2 protein chains.
Amino acid sequence: MDAGRIVDTALKLIDEVGIQALTLRMLADALESGTATLYRHFTGKDELLALVADRILGEVRVPPEELDGLSWREAVNAVAEAFYGTLCRHPNALSLLAAQVPVGPNALRARERLITLFLGHGFPVGLAARAFTAIGHYVIGFAIQQHGPGAPGPEDHAQLRDYYLSLDPAAYPATMAAADELTSVPVHEEFWFGLGLLLDGLEQARAVSLREPEAAAGH
Amino acid sequence: MDAGRIVDTALKLIDEVGIQALTLRMLADALESGTATLYRHFTGKDELLALVADRILGEVRVPPEELDGLSWREAVNAVAEAFYGTLCRHPNALSLLAAQVPVGPNALRARERLITLFLGHGFPVGLAARAFTAIGHYVIGFAIQQHGPGAPGPEDHAQLRDYYLSLDPAAYPATMAAADELTSVPVHEEFWFGLGLLLDGLEQARAVSLREPEAAAGH
DNA sequence: ACCTGAACACCGTTCAAGT
DNA sequence: ACCTGAACACCGTTCAAGT
């Protein structure tokens, strides 16, 4: 019984039954062990869940050679897509990543890599770090809106639109005008559109910092 | 015993002891009642927490006259600041807003208002709705990074920098280069900087949509 | 030395009994 | 009709007893 297998099993169970329903007894049963054994590897459930979160981040794989020759924008798009795809594969675990700043080894590795990418393309260090944070929040926030608890499953997308449209038109005219368009556009396109906005902003800030290096810190 | 007082008390307790430590017994005691009484107003703890989340959103107050005569950018800045300020006053409740898409009455009202603001300034409806989503995620994500569980309190900000600097320099050169600058810049400035990036992107998308109306949906 | 059955305190939730 | 004490099933966690 190694720690890795416990975390793997915990993630699998979360994928199946949700994070709320995951029980240490259930986890111990799946591992054909007892709950007390789990405490030999983790200080408690919170630490276990933090490791599950980092385990998910470790699943985001972008082979370095895949980014060769790409512009920073193309490279960031590739990384963001990989991250987004991984999150979509674990909708039940999304809140683990959203509710706190991940600080596990895979989180640190991912940040190091993306900041390095920005630095290599002429971003000042302050902008690079903020760019990482902004993109990370965007991807996680988008995934939650799409898959998180309270969000509609793909099957009741039309149902959500109906809910919007059932609201009092006098009270929510703008929301209702947006409802039809928002629920008809494929979510994948929406994702790229919003990410594009963010990258447009970064592009502009980068251009400014290259022109006026002394203002690079971004005040 | 009305529902409003229960939600108010629940939020106050969450502010004090954290969301994890909030117990229905504790809440009932504070209300000088029993746990069973709570179930006469809510179907369960989940619904109560959703109402607490919406209660927080209701705390975001921006008097309409305050936005009169402002550009869309200035108006969005004012709304974002009010939202951000409210979130900072309830750091223990942040995960309630992050882990799911709020759909309570105050959430709907806030969305309606901001989308209306965008529409009034010439944004096409699809862009307006996406702008709302992107800004909401940015503000919540930023607040979590600053105040959320696992994030450093204001007192151990320097401690976090030390943690970063204690990492293996060979393994995380970029992170460590960014660590000092990131932890020395006031967080408030960081917030405005990132929001500015987002608004730059929106500005650009708006300009494009005004020039080429047929591409307004954003594909 | 490592593992674990069984217990502990406490949780969210329910319902029969009170007013 | 409305409220609630007391119980229920189950949770995370602990530790003395096993191997």
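A note on names: the letters A, B, ... follow the listed sequences, proteins ahead of strands, and every chain is numbered from 1. Hydrogens, waters and symmetry mates are skipped; everything else that's a heavy atom, side chains included, is used. Nothing here was measured: the structure is a model prediction, and the numbers come from that model.
Rounding to whole angstrom units, OH of residue Tyr39(B) and C1' of dC8(D) are separated by 13 Å. Atom C1' of nucleotide dT4(C) and atom CG of Leu31(A) are separated by 14 Å, given to the nearest angstrom. The distance between atom CG of Leu24(A) and atom P of dC11(C), rounded to the nearest whole Å, is 17 Å. Lys45(A) has its NZ atom 12 Å from the C1' atom of dC10(D), to the nearest Å. What separates CG of Leu38(B) from C1' of dG5(D) is a distance of 14 Å, to the nearest Å. Ile19(B) places its CD1 atom 16 Å from the C1' atom of dC11(C), with the value rounded to the nearest Å. If you take CG of Asp29(B) and P of dC10(C), they are 13 Å apart, rounded to a whole angstrom. Look at CZ on Phe42(A): it is 15 Å from C1' on dG12(D), rounded to the nearest Å.
Nucleotides of DNA chain C nearest to Ala21(B) and Thr37(A) differ in position, and the one nearer the 5' end is that of Thr37(A). Where Ala36(A) and Arg25(A) meet DNA chain D, the nucleotide closest to each residue was compared, and Arg25(A) sits on the side nearer the 5' end. Take the nearest nucleotide of DNA chain C for Gly44(B) and for Glu32(A): the residue whose nucleotide is more 5' is Glu32(A).
A sub-4.0 Å separation between OP1 or OP2 of dT4(D) and a side-chain N or O of Ser33(B) is present.
Checked against dC3(D), dT13(D), dT13(C), the side chain of Arg40(B) finds its nearest nucleotide in dC3(D).
With a 4.5 Å cut-off on side-chain heavy atoms, Leu22(A) and Asn92(A) do not count as touching. Inter-residue side-chain proximity for Leu114(B) and Phe83(B) is flagged as unmet; no heavy-atom pair is nearer than 4.5 Å.
Under the Watson-Crick or G-U wobble criterion, with both distances below 3.5 Å, dA7(D) is paired with dT13(C). The nucleotide dT19(C) finds its pairing partner in dA1(D), both defining distances of the Watson-Crick or G-U wobble pair being shorter than 3.5 Å.
Asp54(A) contributes no side-chain N or O that, together with a main-chain N or O of Pro102(A), makes up a donor-acceptor pair within less than 3.5 Å.
Using a 4.0 Å heavy-atom cutoff across all strands shown, Leu27(A) reaches no nucleic acid atom at all. Leu48(A) comes within contact range of no nucleotide atom at all, as no heavy-atom separation falls under 4.0 Å.
Checked for salt-bridge contact, Glu16(B) and Lys12(B) miss the test: no charged N lies under 4.0 Å from a carboxylate O.
Residue Cys88(A) comes nearest to Gln146(A) through the heavy atom pair SG-OE1, 4.4 Å, listed as atom of the first residue, atom of the second, then distance.
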